[in-house]
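Report on the following structure.
What you see is a predicted model, and the numbers here were worked out from it, not measured in a lab. Atom set for the values below is all heavy atoms of this structure, side chains included, hydrogens, waters and symmetry mates excluded. Order of the sequence lines fixes the chain letters, A, B, ..., with proteins taken first and strands second; residue numbering starts at 1 for each chain.
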2 protein chains.
Amino acid sequence: MINEIPEVVILRLPLYARVLAILDDQGTDVVSSQTLGTMLQATPAQIRKDLSYFGRFGKQGRGYKVSGLLRELRQILGLEKQWSVVLIGVGQLGRAILSYGGFAPQGFHIIAAFDSNPASVGQRVGDLVVRDVKDLETVAGDRQVDIGIVAVPAEACQEVVDLLCQSGVRAILNYAPVQPRTPKGVWVRDIDPVVALQSMTYHLKSLEGRRDTAGGRGRRVAAASS
Amino acid sequence: MINEIPEVVILRLPLYARVLAILDDQGTDVVSSQTLGTMLQATPAQIRKDLSYFGRFGKQGRGYKVSGLLRELRQILGLEKQWSVVLIGVGQLGRAILSYGGFAPQGFHIIAAFDSNPASVGQRVGDLVVRDVKDLETVAGDRQVDIGIVAVPAEACQEVVDLLCQSGVRAILNYAPVQPRTPKGVWVRDIDPVVALQSMTYHLKSLEGRRDTAGGRGRRVAAASS
DNA sequence: TTCTGTGAACGGATTCACAGCA
DNA sequence: TGCTGTGAATCCGTTCACAGAA
């Protein structure tokens with residue numbers, strides 16, 4: 001195994017983990033690449049190949065043990081660890097992110113929220129008090145911060161990202177509609193629902209007006225970051 | 001031009017349009033693939049090649065006229081049209097989506113919101129009254145609905161997506177943490193911030209503890225849908 | 001027999017490199 | 001001279017197909 005693991009493979013692992021968790025909940029204990037492929041809309045060969053980058057998790061003639069494979073993937077992805085996250089930007093979007101219950105159960109803990117607007121600073125939001133973005137480096141000096149979530153307007157994005165990078169953050173989930181530049185070693189995923197919609201309208205456009213065309217076949221594309 | 005246009009190219013066009021809009025606002029009137037490449041963190045060759053699938057928009061020795069290219073891209077992507085959107089699921093996430101001001105200015109108009117919870121049905125949210133999801137087909141029969149945004153729990157996702165497809169919707173922006181199955185001709189983009197985070201932790205894990213490693217160079221990956 | 005793991009073949013996307021136009 | 005447009009070359013990810021383990 002001299003291989004460099006392709007980034008696309010890494011992007012798929014969380015999806016594998018997600019369906020394995022569902023299977024595990026259902027009490028399924030063994031699953032084949034075939035079945036997994038059906039659930040994930042992928043080929044069995046792709047799943048086997050992807051997993052083979054990391055080890056030999058299956059049993060020939062049987063398949064993969066659900067709980068075991070799930071544990072392996074969580075291990076590989078670093079999901080057994082608790083990650084500390086800071087949020088920058090406590091506008092409408094930022095508040096929605098803070099109140100979203102989906103992060104903590106997956107080990108992502110938002111430990112602080114920042115804004116630059118003096119009107120927001122000091123406000124209580126959920127169980128955090130909004131701090132001035134100027135304090136970010138101080139906070140990051142006190143406690144390790146692994147991940148930053150950026151929910152500021154486009155104009156402020158690069159500045160905020162620079163600050164996060166200076167503060168030692170190495171992963172950024174960016175909701176601003178621009179692609180910030182980062183130094184090597186800092187990872188970014190962009191989430192922009194408008195961009196996601198805009199690439200679908202390309203396909204809709206061509207079927208204009210028709211309601212029941214069997215035309216261009218729909219496809220699914222991983223739409224997370226850029 | 002006998003070519004089928006690669007889907008990855010379509011996924012990049014909205015990003016091109018986004019920076020061109022910024023340049024246009026700034027009053028820049030000509031831009032080279034070089035400059036565009038720097039702004040988008042892409043190679044100039046890729047940008048030229050991508051654009052060449054659709055026509056010859058540049059002038060040798062000069063570059064691309066910003067406003068002209070922007071207009072072309074908006075045309076190609078179908079962004080000059082107004083698109084009608086329905087939202088399914090008016091929980092916390094759904095409400096945040098409704099109050100998000102970023103869709104309408106880009107031509108995406110949320111014309112109705114649905115939920116299955118009787119407690120929500122009839123409630124006023126923004127300037128919409130939440131309707132019962134059972135009325136979806138009726139509404140879609142009255143007015144053309146182009147796009148569905150799904151913001152329901154994982155368990156309800158497939159059911160809701162099936163209903164949207166039956167109602168003639170051909171593009172779905174899915175916020176539920178599962179990948180729904182759709183018939184050919186229906187496009188899906190998945191947005192799951194947790195999945196986006198989980199593929200970054202893979203990279204963070206390996207640098208564990210170190211604060212200033214020049215280790216694995218960070219990369220940017222389009223993280224929109226799947 | 002069934003299903004994994006994997007080298008080899010394939011196909012598609014990116015990059016190169018240059019001809020050609022302004 | 002500067003930069004586009006584009007075939008050709010390259011790179012990389014996916015799929016095939018089969019050997020081998022249960």
No-hydrogen, no-angle side-chain donor-acceptor test under 3.5 Å, A:Tyr175 and A:Asp192: no
Sidechain-backbone polar pair: B:Arg18 side chain, A:Pro177 backbone, donor-acceptor under 3.5 Å: yes
Separation of atom CD in B:Glu7 from atom C1' in C:dG11, rounded to whole Å: 17 Å
Pair B:Asp162, B:Gln166: side-chain N/O donor-acceptor within cut-off below 3.5 Å: no
Touch class at under 4.0 angstrom, heavy-atom based, for A:Gly61 against every strand present: base
Atom pair distance, as rounded to whole Å: CD in B:Gln34 and P in D:dG2: 13 Å
Phosphate contact (C:dT4 OP1 or OP2) by A:Ser33 side-chain N/O below 4.0 Å: yes
Spacing of B:Leu69 atom CG relative to D:dC3 atom C1', expressed in whole Å: 15 Å
Contact check, side chains of B:Val169 and B:Val161, non-hydrogen atoms, under 4.5 Å: no
A:Arg62 vs A:Ala42, nearer the 5' end of DNA chain D by closest nucleotide: A:Ala42
Nearest-angstrom distance from the residue atom CD of B:Gln46 to C1' of D:dC12: 14 Å
Between C1' of C:dC3 and NZ of A:Lys59, the distance in whole Å: 13 Å
Phosphate OP1/OP2 of C:dC3: any A:Ser32 side-chain N/O under 4.0 Å: no
Reported CD-to-CD1 distance for the pair A:Gln198 and B:Ile10, which is rounded to 0.5 angstrom: 12.5 Å
Euclidean distance, atom CG of residue A:Leu11 to atom C1' of D:dT14 [Å, nearest integer]: 16 Å
No-hydrogen, no-angle side-chain donor-acceptor test under 3.5 Å, B:Thr38 and B:Thr35: no
Most 5' of B:Leu51 and A:Arg48 on DNA chain D, judged by nearest nucleotide: B:Leu51
Under-4.0 Å side-chain N/O to phosphate OP1/OP2 contact, A:Arg12 with D:dT14: yes
Spacing between B:Lys65 atom NZ and D:dT4 atom P, to the nearest angstrom: 16 Å
A:Tyr64 side chain, from C-beta outward: closest of D:dG13, C:dT4, C:dG7: C:dT4
Presence of A:Arg56 side-chain N/O under 4.0 Å of C:dT6 phosphate oxygens OP1/OP2: yes
Exercise: do A:Gln144 and A:Asp146 side chains pair donor with acceptor under 3.5 Å: yes
Side-chain H-bond candidate by donor/acceptor type, B:Ser84 with B:Arg143, under 3.5 Å: no
Bend angle of the helix from C:dT1-D:dA22 to C:dA22-D:dT1, from helix axes over five pairs at each end, nearest 10°: 10°
side-chain N/O A:Thr43 vs D:dT15 OP1/OP2, d < 4.0 Å: yes
Whole-Å gap separating P (C:dA9) and NZ (A:Lys49): 13 Å
Closest nucleotide among C:dG5, C:dT14, D:dT15 to the A:Ser52 side chain: C:dG5
Under-4.0 Å side-chain N/O to phosphate OP1/OP2 contact, B:Gln60 with C:dG20: no
